[in-house]
Amino acid sequence: MLLILLLLWLAGCQSLTPPPQATVNLGDNIQWRLPTLNWVKAPSQRTQQVVAWHGDSRWQLVGELGFDREAMTLTALSGFGTFLFQARFDGQAITVQRSALLPQQADPAHLLADLLLCLMPQQSLEKSLAGEGVEVIDGDATREIVKGGKVIATIAHQAKGFRFEQQQLGYGFEVTYE
């Protein structure tokens with residue numbers, strides 16, 4: 001009887017332990033623990049055209065991005081409407097569903113984190129990166145993520161979207177809002 005009570009108590013303690021916070025490698029030994037979505041002011045839903053590249057490979061897709069203070073979800077379809085992936089961040093963990101059609105080097109969880117780098121307000125982003133020695137430099141229409149004078153990523157805002165380049169990991173994407 002005592003053993004059963006002890007096992008039940010231990011099982012209860014395990015359920016109280018929160019899951020580990022989602023972490024993404026930004027390059028240059030930066031492990032970014034993704035922040036909660038408490039910076040989101042109002043729910044948003046956007047359909048966007050995306051051109052992505054990695055080295056010499058290029059892909060075109062349609063993305064549906066939705067987020068609020070509870071979750072951020074990105075769903076991607078090919079230009080022909082075929083499901084490629086869905087990535088969801090609930091402020092704690094990222095879950096991913098991917099099609100076999102999605103190239104192996106494409107990482108939906110990483111893309112979701114990249115969108116956070118693009119969309120978060122500067123102050124919230126700086127706070128979430130504080131322990132990594134990273135600076136967030138916002139200009140008129142640009143944002144640079146910098147560590148030790150080395151540019152990690154660049155975001156260039158455009159009239160109807162933005163361009164993201166991850167210099168450390170060799171990929172990028174351009175987003176055009178519909």
Side-chain angles (χ1 to χ4, degrees), residues 22 24-27 32 34-91 93-99 101-103 105-129 134-146 151-178:
V24 173
N25 174 26
L26 297 181
W32 183 33
L34 301 185
T36 63
L37 299 167
N38 62 2
W39 54 271
V40 176
K41 301 270 189 257
S44 179
Q45 190 83 19
R46 287 202 160 151
T47 300
Q48 47 212 13
Q49 296 291 323
V50 180
V51 176
W53 61 90
H54 188 273
D56 292 334
S57 300
R58 296 179 82 71
W59 306 275
Q60 194 162 359
L61 53 101
V62 176
E64 181 75 30
L65 177 65
F67 59 93
D68 56 28
R69 292 177 73 88
E70 303 298 318
M72 181 174 185
T73 303
L74 176 64
T75 304
L77 307 174
S78 73
F80 299 108
T82 306
F83 174 82
L84 295 174
F85 71 83
Q86 183 174 69
R88 184 174 189 278
F89 175 56
D90 64 6
I94 296 177
T95 54
V96 174
Q97 295 176 322
R98 62 183 294 143
S99 163
L101 299 174
L102 188 67
Q105 66 263 44
D107 182 355
H110 218 286
L111 183 55
L112 201 61
D114 294 336
L115 289 171
L116 284 171
L117 290 173
C118 297
L119 300 173
M120 286 180 70
Q122 182 181 11
Q123 187 175 11
S124 299
L125 184 56
E126 285 176 333
K127 184 178 177 185
S128 73
L129 289 165
V134 174
E135 286 182 86
V136 178
I137 303 168
D138 276 359
D140 289 339
T142 61
R143 168 175 283 174
E144 287 186 331
I145 312 300
V146 178
V151 177
I152 305 299
T154 303
I155 298 102
H157 294 279
Q158 303 162 348
K160 288 193 167 195
F162 56 89
R163 180 182 179 94
F164 175 89
E165 292 187 66
Q166 211 320 341
Q167 283 85 352
Q168 295 296 302
L169 303 177
Y171 70 90
F173 54 89
E174 188 163 337
V175 172
T176 305
Y177 301 128
E178 290 186 352

Check your understanding: Can you check side-chain contact (heavy atoms from CB on, under 4.5 Å) on Leu37 and Glu70, steps first, answer last?
Key -> CA-CA 7 Å; Leu37 299 167; Glu70 303 298 318; over 6 Å; no
Practice item. Show your working on side-chain contact (heavy atoms from CB on, under 4.5 Å) between Arg46 and Val175 and close with a plain yes or no. Key: CA-CA 11 Å; Arg46 287 202 160 151; Val175 172; over 6 Å; no
Review point. side-chain contact (heavy atoms from CB on, under 4.5 Å) between Trp39 and Leu116: does it pass, once the steps are laid out?
Key: CA-CA 11 Å; Trp39 54 271; Leu116 284 171; 3.6 Å; yes
Exercise for review: Assess whether side-chain contact (heavy atoms from CB on, under 4.5 Å) is satisfied between Leu125 and Ile145, documenting all intermediate values.
Suggested key: CA-CA 10 Å; Leu125 184 56; Ile145 312 300; 3.9 Å; yes
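Looking at heavy atoms from C-beta onward, Gln168 lies out of side-chain contact with Leu26 at the 4.5 angstrom threshold. Within the 4.5 Å cutoff, the side chain of Leu65 has heavy atoms near those of the Leu115 side chain. For the pair Val96/Gln86, no side-chain contact is recorded, criterion being any heavy-atom separation below 4.5 Å from C-beta on. Within the 4.5 Å cutoff, the side chain of Leu74 has heavy atoms near those of the Phe85 side chain.
Put simply, CD1 on Ile94 and CG on Leu34 are 5.0 Å apart, with the number rounded to the nearest 0.5 Å. Taking CG of Leu129 as the reference point, atom CG of Leu117 lies at 7.0 Å (rounded to 0.5 Å). Atom CG of Leu111 is separated from atom CD of Gln166 by 12.0 Å, given to the nearest 0.5 angstrom. Atom-to-atom distance recorded for Arg88:CZ and Thr75:OG1 is 10.5 Å, nearest 0.5 angstrom. Note that CE of Met72 is 5.0 Å distant from CG of Leu112, once rounded to the nearest 0.5 Å. Asp138 CG to Ile155 CD1: the interatomic distance, rounded to the nearest 0.5 Å, is 8.0 Å.
A donor-acceptor pair is defined here as one N or O able to donate and one able to accept, closer than 3.5 Å; no such pair exists between the side chain of Glu144 and the backbone of Val151. The backbone N or O of Thr36 sits nowhere less than 3.5 Å from a side-chain atom of Arg69 that would complete a donor-acceptor pair. At least one donor-acceptor pair closer than 3.5 Å links the side chain of Arg98 to the backbone N or O of Ala106. No side-chain donor-acceptor contact under 3.5 Å links His157 to the backbone of Arg143.
The minimum heavy-atom distance between His110 and Asn25, with the atom names listed, is NE2-O, 2.6 Å. Closest non-hydrogen pair, Met120 versus Pro35, comes out as CE-CG, 3.6 Å. In this structure, Leu119 and Tyr177 approach most closely via the heavy-atom pair CD2-OH, 4.2 Å. Here the closest heavy-atom approach between residue Ala113 and residue Trp32 is recorded as O-CZ3, 3.5 Å. Across every non-hydrogen atom of Ala22 and Phe89, the tightest pair is CB-CE1, 4.1 Å.
A search for salt bridge (Lys or Arg N to Asp or Glu O under 4.0 Å) contacts involving Asp68 returns nothing, not counting sequence neighbours. Remark: Leu61 pairs with Val50, Ala76, Leu84 by the side chain to side chain contact (heavy atoms under 4.5 Å, CB included) rule, at least two apart or across chains.
The local environment of CD in Gln123 is sparse, with at most 12 non-hydrogen atoms from other residues, nucleotides or ligands closer than 6.0 Å.
Applying the side chain to side chain donor-acceptor pair (under 3.5 Å) rule to pairs touching residues 51-61 yields nothing, sequence neighbours excluded.
Phe164 and Tyr171 have tilted rings, their planes meeting at an angle from 30° to 60° on a 0 to 90° scale.
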